[in-house]
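As the structure is a prediction and not an experimental result, all values here were calculated from the model. Start at 1 and go down the list; that is how both ligands and their atoms are numbered.
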Amino acid sequence: MAEVRVRFPPSPTGYLHIGGARTAIYNWLFARKHNGKFILRIEDTDTERSTQESIDGILNGLKWLGIFWDEGPYFQSEFANEHIETADKLLASGHAYKCFCTKEELESKREAAAAAKGDYRYDRTCRNLTSEQVAAKEEQGLPYVVRFKVADSDGTVGFTDKVLGRIERAYDDIEDFVIVRSNGKPLYLLCNVVDDIRDRITHVIRGQDGVTNTPRQILIYEALGAEVPEFAHMPLTLDLNKAKISKRKHGEIVAVHFYQENGFLPWALCNFLVLLGWSTSDDREIFSREELIETFSLGRINKSNSVFNYRKGDPKFITDPKALNINAHYLRTMPIEELGPLVKEELIKAGLWEDSYDDEKKGWFLATLDLIRSRFHTLKDFVKGGLPYFSDDYPLDPKSVKKNIKKNPGLKEWLPLLAHRFEEISDFSKQETERVTRELAEELEIKPGILINGMRTIVTGLPAGPGLFDVLIAVGRDRVIERMKKAGDLELF
Ligand code: GLU
């Protein structure tokens with residue numbers, strides 16, 4: 001089999017959308033699986049809408065995801081001459097013709113067809129002009145478009161899509177489509193094929209919104225005598241109301257940078273995006289990079305649209321809960337040495353990093369991360385949920401204060417008393433702190449839970465967390481004692 005060559009050809013008119021990222025990931029996986037090449041091509045021929053900012057955003061987004069290309073980025077605009085030459089070639093070989101019909105003429109024909117409730121298709125007026133007639137019109141300087149000459153027969157053009165199966169279109173249903181505008185600019189349909197031929201693309205893996213172009217593009221390949229690649233059209237990603245996900249409707253959550261800025265791990269996002277439109281027979285959800293390369297196949301891409309399960313304005317979930325759960329899985333199971341630097345970065349951004357963590361306290365820092373990560377979903381959670389560990393300036397959750405402190409005014413004395421007991425133990429361990437706590441509860445004839453919940457509220461400010469005696473060890477003896485002693489002075493009771 002010839003070398004597999006696939007491409008991701010985004011138009012740089014906005015940020016990298018998660019749908020685009022998914023297309024890139026599918027192409028990349030397919031290339032990796034078959035030891036092929038993944039080519040990045042920036043389709044920047046729409047000069048009015050293409051921006052450098054968007055190009056940078058796309059490149060940075062792919063790099064952040066870890067989706068690296070083997071060739072490119074190529075820029076479509078650099079091949080403008082080749083696109084024009086190809087149109088000329090199609091004219092010369094009789095596969096295309098110049099059409100001088102004016103906009104007004106076409107418009108009135110369209111209206112007439114609409115009035116007769118018929119389908120409008122260009123009536124091929126100019127297809128039969130003689131070369132003298134064409135020359136005369138050109139002489140007069142009349143503007144023209146170039147149209148592709150679709151076979152005038154009963155046949156069909158078809159292909160076997162790797163996802164959708166056999167697709168056929170009758171020539172009769174295809175109008176002689178425009179390949180070059182009257183301003184001399186070739187259209188996407190043509191440029192895309194010319195570039196795919198030059199880049200020797202073997203498999204075109206793209207969204208189902210491209211499927212209507214494919215029969216016309218195949219006609220171009222055939223007219224140029226080029227080999228037609230395989231096609232695989234992926235399902236679209238819709239929201240819960242079955243609308244296409246878009247920035248206008250859903251905001252930043254459709255952009256890759258949103259996930260980068262909100263504490264997602266790049267591979268976790270890739271893993272989630274792959275599942276939007278592809279699955280294994282056992283609906284497995286977690287795949288390492290290597291496992292996915294091994295398992296991925298075009299044949300298991302779903303035919304039906306995938307659903308991005310996001311309720312705008314739901315304060316509980318900043319995005320699809322599945323994305324959060326997959327991220328949580330990686331966050332909680334990745335090697336702690338790899339997690340350390342990522343959390344460090346977040347803490348630096350939040351102004352919570354102390355340089356001394358680096359060498360002396362590294363062991364403590366990693367052990368603390370390991371303890372607290374079991375409840376976290378994103379890297380951002382380490383800032384809020386890690387505050388009592390990484391700072392002495394942390395708020396007390398008002399609900400917990402009400403429930404755990406105010407209802408037990410005795411804690412005003414009991415917590416400082418327990419702090420003294422902690423000072424007396426030589427081994428500030430989980431077992432010892434727990435023993436002393438239960439002993440004091442017994443002496444005071446109260447439930448240990450009163451002391452335990454009171455301590456959690458005072459020492460961490462948080463409503464919940466890992467086992468309290470683990471928490472005490474992580475926060476550290478001196479800070480625990482100081483925080484509990486201070487409890488007596490707080491205006492909480
Ligand atoms: N530039 C096109 C897009 O972004 C490429 C479509 C294709 O893959 O052929 O939609």
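A side-chain contact (heavy atoms from CB on, under 4.5 Å) with His233 holds for exactly one of Thr214, Ile301, Ile205, Val204; it is Thr214. When each of Ile372, Leu369, Leu366 is tested with Val343 by the rule side-chain contact (heavy atoms from CB on, under 4.5 Å), just one qualifies, namely Leu369.
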From CA spacing to verdict: ring pair (Phe, Tyr, Trp, His ring centres under 6.0 Å), Phe272, Trp267: CA-CA 9 Å; Phe272 166 71; Trp267 182 254; over 10 Å; no
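For ligand 1, the atoms sitting less than 4.0 Å from at least one non-hydrogen atom of Glu43 are 1 (N), 2 (C), 5 (C), numbered in the order shown with element in parentheses. Ligand-side atoms of ligand 1 in range of Arg206: 7 (C), 8 (O), 9 (O), range being under 4.0 angstrom from any heavy atom.
Regarding atom 8 (O) of ligand 1, its nearest protein heavy-atom neighbour is Arg7 NH1, 2.8 Å. The single protein non-hydrogen atom nearest to atom 6 (C) of ligand 1 is Tyr188 OH, 3.2 Å, given as residue, atom name and distance.
Relative to the six-membered ring of Tyr120, Arg110 meets both conditions, a distance below 6.0 Å and an angle of at most 45° to the axis. Taking the ring axis of Phe296 as reference, the NZ or CZ atom of Arg300 does not stay both within 45° of it and closer than 6.0 Å to the ring centre. For the pair Arg147 and Tyr122, the cation-pi test (distance below 6.0 Å, angle within 45°) is passed. Remark: Arg22 is positioned above the aromatic ring of Tyr26, its terminal NZ or CZ atom under 6.0 angstrom from the ring centre and at most 45 degrees off the axis.
For Phe8, the closest heavy-atom approach to ligand 1 does not fall below 4.0 Å. For the ligand labelled ligand 1, residue Ser11 lies inside the 4.0 Å heavy-atom shell.
Residue-level proximity to ligand 1 for Asn192 is carried by the side chain, the only part with a heavy atom below 4.0 angstrom.
There is a protein heavy atom less than 4.0 angstrom from atom 4 (O) of ligand 1.
On a distance-only criterion, Val204 and ligand 1 share no N/O pair closer than 3.5 Å.
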